[in-house]
Amino acid sequence: MRRREFLKTSAIAGAALTLNFEGLQAALSSNTMAVETAPEMVAVMGGEPEALLDKALEALGGIGNYIKKGQKVVIKPNIGWDRTPELAGNTNPVLIKALVKKCLEAGASKVTVFDHTCDEWRKCYTSSGIEAAVKEAGGIMAPGNEERYYKEVPLPDGVKLKSTKIHEALLEADAWINVPILKNHGGAKLSSAMKNYMGIVWDRRFFHQNDLQQCIADICTWPKKPVLNIVDAYRMMHQNGPQGKSAADVATLKSIIVSPNIVAVDTAALGMFNQVKKLDMDAVGHITKGEELKLGTTNLEKVNIKRIRL
């Protein structure tokens with residue numbers, strides 16, 4: 001990275017961190033519980049990926065609430081682009097490594113990680129740092145580059161998307177965890193938990209040709225829901241997504257948002273994104289369309305949220 005780019009990026013990141021925690025407090029609503037109850041969502045800010053994950057899972061009662069002994073687990077990050085971690089095109093490899101370890105410590109019999117990449121899959125797996133991180137943690141990387149890995153499944157609750165081919169690793173899994181990176185996206189406008197589903201299917205062209213926002217909501221109606229959605233906002237690409245062009249596109253927020261409620265977590269993620277670059281909910285149609293399909297709520301006043309600052 002050139003020194004000029006580094007300094008510019010540092011300035012953007014500094015501004016984002018100054019605004020972000022207070023802004024996210026408002027974005028996640030001011031609801032408080034008179035009686036301490038288990039949160040439905042946890043937002044953690046100001047730490048390194050392992051610490052962010054540790055605190056989030058601790059607040060949710062531990063990974064054992066979601067992953068059971070003997071289960072075959074799939075972790076689905078965003079590994080779509082031939083980009084290094086600093087450019088924030090893919091999920092943070094340090095976070096994925098920590099999560100693989102957590103699942104294995106909980107007794108998972110196997111932890112598989114994959115994505116249907118946009119760039120050449122071997123380069124994506126390598127440049128992202130995710131393949132090395134997964135293997136170091138004891139997990140397995142699965143390819144997603146050939147149609148033979150995908151099987152047709154019905155989506156009876158879909159509006160535009162009535163069926164699609166989903167990767168066999170997910171079909172065979174006992175539990176899966178959705179781990180997107182939060183970033184700008186030219187087509188969907190925001191890429192987060194719901195958008196990350198596009199990496200589990202074979203034919204993404206249908207999405208782009210038949211109302212992208214609706215199809216993103218439709219794929220999320222697949223009955224096998226992730227046990228957790230973990231939105232990686234350690235680094236956030238705030239412009240020129242989904243690939244990014246340079247370090248100037250990235251703000252370092254050192255944050256994570258975790259919830260089983262995919263619509264709520266994406267609503268919160270949009271609130272975080274808006275601390276750096278304004279984006280109207282109307283532009284991110286798949287979130288409200290997901291609510292219409294009863295996949296979760298956009299009303300964060302109804303969600304018990306725990307906020308932690310490290």
Side-chain angles (χ1 to χ4, degrees), residues 1-2 5-6 9-10 13 44 47-54 56-57 63 73-105 108 110-145 167 169 176-185 191-193 195-196 198-200 228-238 240-258 269:
M1 182 189 303
R2 294 189 183 93
E5 288 182 345
F6 177 79
T9 303
S10 298
V44 190
E48 295 304 301
E50 305 99 319
L52 295 170
L53 182 64
D54 282 346
L57 292 177
I63 190 68
V73 176
V74 167
I75 295 171
K76 168 58 181 72
N78 187 325
I79 328 176
W81 304 100
D82 180 14
R83 295 289 187 272
T84 58
E86 293 76 17
L87 295 177
N90 306 301
T91 306
N92 193 303
V94 180
L95 175 62
I96 297 302
K97 181 177 181 178
L99 184 57
V100 171
K101 286 183 175 179
K102 290 283 187 186
C103 292
L104 291 171
E105 289 168 2
K110 181 172 69 171
V111 179
T112 302
V113 179
F114 85 94
D115 194 9
H116 182 189
T117 67
C118 299
D119 288 339
E120 201 277 326
W121 71 281
R122 294 178 187 84
K123 291 181 179 178
C124 294
Y125 280 22
T126 300
S127 298
S128 67
I130 289 177
E131 181 172 40
V134 169
K135 290 181 177 178
E136 287 170 9
I140 299 166
M141 289 297 299
N145 63 311
H167 197 286
W176 71 287
I177 303 176
N178 185 23
V179 195
I181 188 167
L182 175 60
K183 62 179 178 177
N184 167 249
H185 189 279
S191 185
S192 189
K195 173 66 174 62
N196 201 42
M198 285 185 70
I200 75 173
L228 281 176
N229 301 285
I230 301 176
V231 178
D232 166 28
Y234 184 86
R235 299 183 186 93
M236 187 190 79
M237 184 189 299
H238 56 85
N240 294 319
Q243 299 185 59
K245 295 180 179 179
S246 72
D249 299 329
V250 180
T252 302
L253 304 182
K254 294 190 173 183
S255 302
I256 193 173
I257 309 173
V258 184

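Here the structure is a predicted model, which means the values were calculated and not measured.
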SG/Cys118 to CZ/Arg83 distance, rounded to the nearest 0.5 angstrom?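 Separation between the atoms: 11.0 Å.
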Gap between atom CE of Met141 and atom NZ of Lys135 - 0.5 Å precision: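 Separation between the atoms: 8.0 Å.
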How far apart are the closest heavy atoms of [X] and [Y], and which atoms are they?
X	Y	result
Asn184	Asn240	OD1-N, 3.3 Å
Gly80	Cys124	O-SG, 3.4 Å
Pro49	Leu95	CB-N, 3.9 Å
Met237	Pro242	CE-O, 3.6 Å
Pro85	Ser128	CG-O, 3.3 Å
Val73	Ala108	CG2-CB, 3.8 Å

When you measure from the side chain of [X] to the backbone N and O of [Y], does any donor-acceptor pair fall under 3.5 Å?
X	Y	result
Asp119	Asp82	yes
Lys76	Asn196	yes
Lys183	Ser192	no
Glu120	Lys123	yes
Asp249	Lys245	yes
Asn229	Val258	no
Tyr234	Ile181	no
His167	Pro143	yes

Between [Y] and [X], is there a side-chain heavy-atom distance shorter than 4.5 Å?
X	Y	value
Ile79	Ile96	no
Ile177	Cys103	yes
Val44	Leu53	no
Asp115	Asn78	yes
Val100	Ile75	yes
Ile200	Phe114	yes
Arg235	Leu253	no
Leu99	Ile230	yes

Should the pair Asp54-Lys102 be classified as a salt bridge under the 4.0 Å nitrogen-to-oxygen rule?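 A salt bridge is present here (some side-chain N lies under 4.0 Å from a carboxylate O).
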Between Ile63 and Glu105, does the side chain to side chain contact (heavy atoms under 4.5 Å, CB included) criterion hold? Intermediate values first, please. CA-CA 9 Å; Ile63 190 68; Glu105 289 168 2; over 6 Å; no
Among residues two or more places apart or on two chains, list those pairs meeting side-chain hydrogen bond (donor to acceptor under 3.5 Å, both in side chains) that have a residue in residues 88-101.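 Counting only pairs at least two positions apart or across chains, the side-chain hydrogen bond (donor to acceptor under 3.5 Å, both in side chains) contacts touching residues 88-101 are Lys97-Glu136.
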